[in-house]
S.K.: 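Before we start, here is the structure in question, set down as structure tokens.
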Amino acid sequence: MLMHLRLTVPSALSSQVRTRLVDDEAVTNVTVSPGAVLKPEGDLIEADVAREAVSFVIDDLTDMGLGDSGGIVLSEPLATPFQRASSVERAAHGDPDDAVIWRLLVERAKGASHITVNYLAFLVIATALASIAVLTDSSVLVVGAMVVGPEFAAVAATCVGLAMREWHLAGRSFALLVWTFCAAIAVITALAWVGLHVGLFDADMVTRERPQTNFIWRPDKWSFIVALLAGAAGVLAMAIDKSSAMVGVFISVTTVPAAGNVALGLAIWDWQEIRGSLAQLGLNIAGMLIAGVVTLVVERLVWRQLGEESRFTLTQQHFNRAHR
């Protein structure tokens, strides 16, 4: 599996960048077009890199100053049906399915740390579904609310910020998580209060025994364990770009359902429902944050070791070329 690099390189760095790419056995199809870039002016250098080596290559290019004075664009080809691609992948350390492109991960996290109308709309809809699930004691609607809820993006962005020591990113992502949940709960509380006073439901529908949905406001040790597992699985899936695994994560955690129950508890002013739901919400978010950060830190340590091995191999390759 290869990734494509498109670089805008100032002429002063062109020779250094070209040497870095050509000397690496995990890089192929290196193309140099002198003076091809007009804005900003510079050379156009393109290359295909084994996915598991991309982070190390980008780190080296950034250390050269290319991130500040030039341009780095990363894309993924649909297919690479040529024999050299296999040898390039074999030359890289690790497995492409395990590869984490750290700078790409940070960029995605930054994108997920901004509040948008769609994000808030999805969270309000999910919280509304969760409230209806409580009123009707429907486990199906609970699952639906979990899937619709977009909050894991903010949780994952917070984990990335903490693990990568991007403190501003972590703070902004966590603030997004808190304020959007507060906003969604406020909206559904207002709607629930109206529904309560027009006879759409009564307080007993919230406080009665609900075999299918009582777990929403009754957190226990298993709630925290599930949140830990979901947090680890979620950030791992995001890090290695396995989006298919994310749906399982969404269904695992009781964040949005708890928010929906908080809104109903506020509407009927039942402190027991409010307190239990807030505890469930906090427990789930805390578990996901802890597991997510630990998972990313461990991944970072593993890839740092692979990076040292990769740079040692690159040094050996350069030495061998120089003494042929």
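Residue numbers start at 1 and run along the sequence shown.
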S.K.: Is there a side-chain contact between Val9 and Leu66 in this structure, where contact means two heavy atoms from C-beta onward sitting under 4.5 Å apart?
M.R.: yes

S.K.: For the hydrophobic clusters of this structure (ILVMFWY residues joined by side-chain heavy atoms under 4.5 Å, transitively), does one cluster hold both Met238 and Val155?
M.R.: yes

S.K.: About how many Å separate CG of Leu38 and OG1 of Thr8, when rounded to the nearest 0.5 Å?
M.R.: 10.0 Å

S.K.: Test Val142 against Ser138 for side chain to side chain contact (heavy atoms under 4.5 Å, CB included), laying out the working first.
M.R.: CA-CA 7 Å; Val142 170; Ser138 170; over 6 Å; no

S.K.: Which distance, rounded to the nearest 0.5 Å, do you find between the OG1 of Thr158 and the CG of Leu176?
M.R.: 8.0 Å

S.K.: How close do Ala157 and Ala112 get, heavy atom to heavy atom, and via which atoms?
M.R.: CB-CB, 4.3 Å

S.K.: Please find the pair of heavy atoms, one from Val124 and one from Ile188, that lie closest to each other, and give the distance.
M.R.: O-CD1, 3.7 Å

S.K.: To the nearest 0.5 Å, what is the distance between CG on Leu296 and CE on Met164?
M.R.: 8.5 Å

S.K.: Under 3.5 Å, is there a donor on one side chain and an acceptor on the other for Gln280 and Thr254?
M.R.: no

S.K.: Measuring from atom CG of Leu283 to atom CD1 of Ile225, what distance do you get when rounded to the nearest 0.5 angstrom?
M.R.: 10.0 Å

S.K.: Can you check whether Gly260's main-chain N or O pairs, donor with acceptor, with Ser131's side chain at less than 3.5 Å?
M.R.: yes

S.K.: Side chain to side chain contact (heavy atoms under 4.5 Å, CB included) for Val134 and Ile216? Distances and angles first, verdict last.
M.R.: CA-CA 9 Å; Val134 169; Ile216 291 174; 3.9 Å; yes

S.K.: Between Val262 and Ser277, which heavy-atom pair has the shortest distance, and what is it?
M.R.: CG2-CB, 3.3 Å

S.K.: What residue among Val17, Leu21, Asp23 forms side chain to side chain contact (heavy atoms under 4.5 Å, CB included) with Thr19?
M.R.: Asp23

S.K.: Apply side chain to side chain contact (heavy atoms under 4.5 Å, CB included) to Val160 and Val235, showing your working.
M.R.: CA-CA 8 Å; Val160 171; Val235 297; 6.0 Å; no

S.K.: Are any side-chain N or O atoms of Ser33 and backbone N or O atoms of Ala36, one a donor and one an acceptor, separated by less than 3.5 Å?
M.R.: no

S.K.: What heavy-atom pair brings Val88 and Ala26 nearest, and what distance separates the two atoms?
M.R.: CG1-O, 3.1 Å

S.K.: Considering non-hydrogen atoms only, spot the tightest contact between Ala267 and Ala192 and give its length.
M.R.: CB-CB, 3.6 Å

S.K.: If we ignore angles and hydrogens, is there a donor and acceptor under 3.5 Å between the side chains of Asp43 and Ser14?
M.R.: yes

S.K.: At what distance, to the nearest 0.5 angstrom, does CG of Asn284 lie from CG of Leu228?
M.R.: 9.5 Å

S.K.: Less than 3.5 Å apart, any donor N or O on the side chain of Arg210 or Asn261 sitting next to an acceptor on the other?
M.R.: yes

S.K.: Are Trp217 and Gln272 close enough that some pair of their side-chain heavy atoms sits under 4.5 Å apart?
M.R.: yes

S.K.: Is the shortest heavy-atom distance from the side chain of Trp167 to the side chain of Leu162 under 4.5 Å?
M.R.: yes

S.K.: Group every Ile, Leu, Val, Met, Phe, Trp and Tyr by side-chain heavy-atom contacts under 4.5 Å, then state whether Leu5 and Val32 land in the same group.
M.R.: yes

S.K.: Does the side chain of Ile101 come within less than 4.5 Å of Met3's, by heavy atoms?
M.R.: yes

S.K.: Between CZ of Phe174 and OG of Ser113, what distance do you get to the nearest 0.5 Å?
M.R.: 14.5 Å

S.K.: Does the pair Glu151 and Thr180 meet the rule for a side chain to side chain contact (heavy atoms under 4.5 Å, CB included), with working shown?
M.R.: CA-CA 9 Å; Glu151 76 284 357; Thr180 52; over 6 Å; no

S.K.: Side chains of Thr80 and Asp48: closer than 4.5 Å at any heavy-atom pair?
M.R.: no

S.K.: Quick check: does any side chain N or O of Asp202 sit under 3.5 Å from a backbone N or O of Met205, one acting as donor and the other as acceptor?
M.R.: yes

S.K.: Less than 4.5 Å apart, any side-chain heavy atom of Glu209 and any of Asn214?
M.R.: yes

S.K.: Ignoring hydrogens and angles, state whether a donor on the side chain of Asp137 or Thr213 is under 3.5 Å from an acceptor on the partner side chain.
M.R.: yes

S.K.: Does Phe201, at its CZ atom, have more than 12 non-hydrogen atoms belonging to other residues, nucleotides or ligands within less than 6.0 Å?
M.R.: yes

S.K.: Could you report the tightest heavy-atom contact between Leu120 and Ala183, atom names first, then the distance?
M.R.: CD1-CB, 4.0 Å

S.K.: Do Arg51 and Leu2 have side chains that approach each other closer than 4.5 Å (heavy atoms only, starting at C-beta)?
M.R.: no

S.K.: Please determine, by modelled atom types, if Asn29 and Glu46 share a side-chain donor-acceptor pair under 3.5 angstrom.
M.R.: no

S.K.: When you measure from the side chain of Ser223 to the backbone of Asp220, do you find a donor-acceptor pair of N or O atoms at a distance under 3.5 Å?
M.R.: yes

S.K.: Do the side chains of Leu266 and Leu281 join up, straight or via other hydrophobic residues, at under 4.5 Å, putting them in one cluster?
M.R.: no

S.K.: Using a 4.5 Å cut-off on heavy atoms from C-beta on, say whether the side chain of Ile58 contacts that of Thr62.
M.R.: yes

S.K.: May I ask whether Leu13 and Leu7 are part of the same hydrophobic cluster, defined by side-chain heavy atoms of I, L, V, M, F, W, Y residues being less than 4.5 angstrom apart, directly or through others?
M.R.: yes

S.K.: Excluding sequence neighbours, so at least two apart, what forms salt bridge (charged side-chain N to carboxylate O under 4.0 Å, His left out) with Arg108?
M.R.: Asp241

S.K.: Answer with yes or no whether the hydrophobic clustering places Val206 together with Ile274; edges join I, L, V, M, F, W, Y residues whose side-chain heavy atoms lie under 4.5 Å apart.
M.R.: no

S.K.: Can you tell whether the side chains of Arg103 and Asp59 come within less than 4.0 Å, N to carboxylate O?
M.R.: yes

S.K.: Flag yes if more than 12 heavy atoms outside Phe122 fall under 6.0 Å of its CZ atom; otherwise flag no.
M.R.: no

S.K.: Check the pair Arg208 / Glu273 against salt bridge (Lys or Arg N to Asp or Glu O under 4.0 Å), numbers first and verdict last.
M.R.: CA-CA 11 Å; Arg208 76 187 192 282; Glu273 293 280 342; over 6 Å; no

